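Since the model is a prediction, treat every value here as computed from it, not as a measurement. Read the numbers this way: they start at 1 and go in the same order the structure lists the ligands and their atoms.
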Amino acid sequence: MNAGEDTLDAIVIGAGFAGLYTAFKLREMGLRFCAFEQGDDVGGTWYWNRYPGAGSDSESWVYSFSFSDELEQDWKWSSRFPRQPEILSYLQHVAERFDLRSCFQFNTRVQKAEYDETENFWIVETDSGKLSRARYLITAVGCLSAAQLPQITGRDTFEGNAYHTGQWPHEKVKFKGQKVGVIGTGSSGIQAIPVIAKEAAHLTVFQRTANYSVPARNYDLSDDQARSIKKDIKEIREFCRWSTIGQNYDFREGEALELPKEQLERQFEIDWEKGGFQWMFGSYSDLVFNKKANELASSFVKKKIRETVKNPFLSEKLVPQDHAIGTKRLPLDIGYFETFNRDNVSLVDLKDTPIESITPAGVRTSDKLYELDSLVFATGFDALTGPLTRIGIRGKSGLLLKDKWKTGPRTYLGVGVPGFPNMFMITGPGSPSVLGNMPTSIEQHVDWICDCIGYMRANRLISIEAETQAEAHWSDHIKELSEKTLFPSTNSWYMGSNIPGKPKVFLPYAGGFGTYRKLCNDIAEREYEGFRFT
Ligand code: N01
């Protein structure tokens, strides 16, 4: 590819939290850059995931940027867990407030990015055929942005309306008076099902794996609550930065297995009333690391499901049977299990009667045809690697990133890849990313990457590339850490198991946000140990 003479300092892909903050930083640094976004506006995840009930499972006051005190003080969140329209408004506000829209070319999909080894530049081609050339390529493509439709026979023959939660239409979708089907009971399905059930004439939930869920216990923020959070926000943010999952809480001292059963049960109850991820990740760490302790937590939630769902036959179907709690991403819900007490909701257990095909009229299982007006695929994403491998990224010697990662992603710090110089991934595979609060993770990565670029410019360095040995150590480290947890025991998108043919490798870094931050800081201090400069 030949991109002509005009060479930029950087090209950024994506206009979600990561792309917006990167644009803000690069402009502050005085770099010449161009940013591309597939959608027609900013928002990333919150631009695409507009399904009913969509919202953040992190508390609003931490699910936001911390880089501007004024922004933090001025913006008013309405509730504990903000819903999609409010988060999208927030990101639009950020774009306006810092004049970031002007940095982006919207409606522009990056098709290819190729590294020119002789000149040490990235050449990027967009869907309009336009080529751009830059020293650095910064991917802000998100971790859960490559929507995955299931490979079901006849999938595209359905004659009703079909939607994927991650590619939801912008116009209002109406379910009133309709027979609606939802396939999938991950976080998206669990958020959408209670809301769709209230509108549809009938909702059929097609469940392959019964899932755990913890109540969100969302609430509106009073003026007093908002004021008090704002007063303490600096301490709150600092706590998040060094915590295990980037949130304003961490594991308690001690172990669940050390406690008398009644005392643990009481604690579970108290935490259940508070709601949120804290129920598990603000509790005892052995719930995550020890199978026996995890069984206590799993049993508690199973009991809650049985208490909530009135029909005992149905409640047994909804009780997870085959995985430890937390080994699939733990959903938070607003009335999910209660929804199955409604007369207009039915559950199809695909373990008993698998889907055989999708027909023009609906979903056919081994038992019968479910006729539907609308079908919602809440079937997830090609997580972490998909957003990157779906772009034709070629490094040195024309190697495709997709081919390099054929047996699973290997990175250094989740930021760099040997053979792909001057490419920086924000929250890439091998970083903590999806194991906690994304904005905390994103800000850390963007700051680190921009500092690194600043260092290179100050030292007149042309290229940076992760060393193969560093990549090998890091990949071994990711594996070792994951083996200390219960994650590998379950088929989940964390393990790549939701994508046919995807290697079964644990994708994120499980050593905790704070530990990772310190590691990254130390590596930077040691002049980017593990990276080679020219
Ligand atoms: O996707 P998932 P998601 N036939 O992969 C089922 C984030 N998120 O969109 O478990 C039948 O978790 C599949 O079944 P099984 C969050 O990180 C964040 O819900 O594979 N069923 C599963 O039930 C989350 O984890 C927020 O057996 C099929 C479901 O589809 C991530 O996004 C809110 C099937 C997919 O669940 C992804 O969640 C919402 C088939 N062929 C989501 N294929 C926030 O808080 C798949 N399934 C910000």
| message | Under a plain distance cut-off of 3.5 Å, with no hydrogens placed, do Arg83 and Ser56 share a side-chain donor-acceptor pair? | response | no
| message | Looking only at protein heavy atoms, which one is nearest to atom 15 (P) of ligand 1, and what is the separation? | response | Thr209 OG1, 3.4 Å
| query | By number and element, which atoms of ligand 1 are closer than 4.0 Å to a non-hydrogen atom of Leu350? | reply | 11 (C)
| Is there a donor in the side chain of Tyr336 and an acceptor in the side chain of Asn211, or the other way round, less than 3.5 Å apart? | no
| query | Between the candidates Asn211, Ile183, Asn437, which shows the shortest non-hydrogen contact distance to atom 21 (N) of ligand 1? | reply | Ile183
| task | Assess Gly55 for proximity to ligand 1: is some non-hydrogen atom of it under 4.0 Å away? | result | yes
| query | So is Tyr51 close enough to ligand 1, meaning a heavy atom under 4.0 angstrom away? | reply | yes
| NZ or CZ of Arg252 within 45° of Tyr284 ring axis and under 6.0 Å | yes
| request: Starting from atom 1 (O) of ligand 1, locate the nearest protein heavy atom and write down its residue, its atom name and how far away it is, to 0.1 Å. | output: Gly380 CA, 3.1 Å
| task | Using distance alone, decide if ligand 1 has a nitrogen or oxygen within less than 3.5 Å of any nitrogen or oxygen in Gln191. | result | no
| task | Anything under 30° is parallel, anything over 60° is perpendicular, the rest tilted; go ahead and classify Tyr63 against Phe17. | result | perpendicular
| said: Using the rule side-chain contact (heavy atoms from CB on, under 4.5 Å), only one of Val446, Ile449, Ile13 pairs with Thr22; which is it? | reply: Val446
| Which residue supplies the protein heavy atom nearest to atom 29 (C) of ligand 1, what is that atom called, and how far is it? | Ala378 O, 3.3 Å
| Nearest protein heavy atom to atom 9 (O) of ligand 1, by residue and atom, and its distance? | Ser188 OG, 2.6 Å
| query | Which heavy atom of the protein is the closest neighbour of atom 36 (O) of ligand 1, given with residue, atom name and distance? | reply | Gly186 CA, 3.5 Å
| Does an N or O from Thr165, backbone or side chain, lie closer than 3.5 Å to an N or O of ligand 1? | no
| query | So, does Phe381 sit close enough to ligand 1 that a heavy atom of it is under 4.0 Å from the ligand? | reply | yes
| said: Out of Thr185, Asn49, Asp57, Leu144, who is nearest to atom 45 (O) of ligand 1 when you count heavy atoms only? | reply: Asp57
| message | Is Val434 close enough to touch ligand 1? Criterion: a residue heavy atom under 4.0 Å from a ligand atom. | response | no
| task | Decide whether Thr353 and Asp367 meet the rule of one side-chain donor and one side-chain acceptor closer than 3.5 Å. | result | no
| task | Between Pro150, Ser56, Gly184, flag the one that comes closest to atom 6 (C) of ligand 1 by a heavy atom. | result | Gly184
| query | Trp493 ring centre to Arg329 NZ or CZ under 6.0 Å, with the angle to the axis within 45°? | reply | no
| How far is atom 18 (C) of ligand 1 from its nearest protein heavy atom, and which residue and atom name does that atom have? | Arg329 NH2, 3.4 Å
| What do you reckon, are the aromatic ring centroids of Phe300 and Trp279 less than 6.0 Å apart? | yes
| query | Given Arg208, Lys351, Arg155, which has its nearest heavy atom closest to atom 40 (C) of ligand 1? | reply | Arg208
| Close approach, Lys328 and ligand 1, non-hydrogen under 4.0 angstrom | yes
| query | Do we see a donor-acceptor contact under 3.5 Å between the side chains of Tyr51 and Gln191? | reply | yes
What side-chain donor-acceptor pairs closer than 3.5 Å can you find for residues 149-161, not counting sequence neighbours?
| unit_1 | atom_1 | unit_2 | atom_2 | d |
| --- | --- | --- | --- | --- |
| Arg155 | NH1 | Pro150 | O | 3.1 |
| Thr157 | OG1 | Gly154 | O | 2.6 |
| Thr157 | OG1 | Ile358 | O | 3.3 |

| said: Please determine whether any non-hydrogen atom of Trp46 lies less than 4.0 Å from an atom of ligand 1. | reply: yes
| query | Between Gln151 and ligand 1, which part of the residue brings a heavy atom under 4.0 Å of the ligand: side chain, backbone, both or neither? | reply | neither
| field | salt_bridge(Arg237, Glu72) N-O dist < 4.0 Å | value | yes
| request: Using a 4.0 Å heavy-atom threshold (strictly under), name the region of Leu332 that reaches ligand 1: side chain, backbone, both or neither. | output: neither
| Which residues satisfy the side chain to side chain donor-acceptor pair (under 3.5 Å) test with Asp232, sequence neighbours excluded? | none
| Will you find, in the side chains of Asn294 and Ser298, an N or O donor that is under 3.5 Å from an N or O acceptor? | yes
| request: May I ask you to identify the nearest protein heavy atom to atom 37 (C) of ligand 1, giving residue, atom name and distance to one decimal place in Å? | output: Trp493 NE1, 3.7 Å
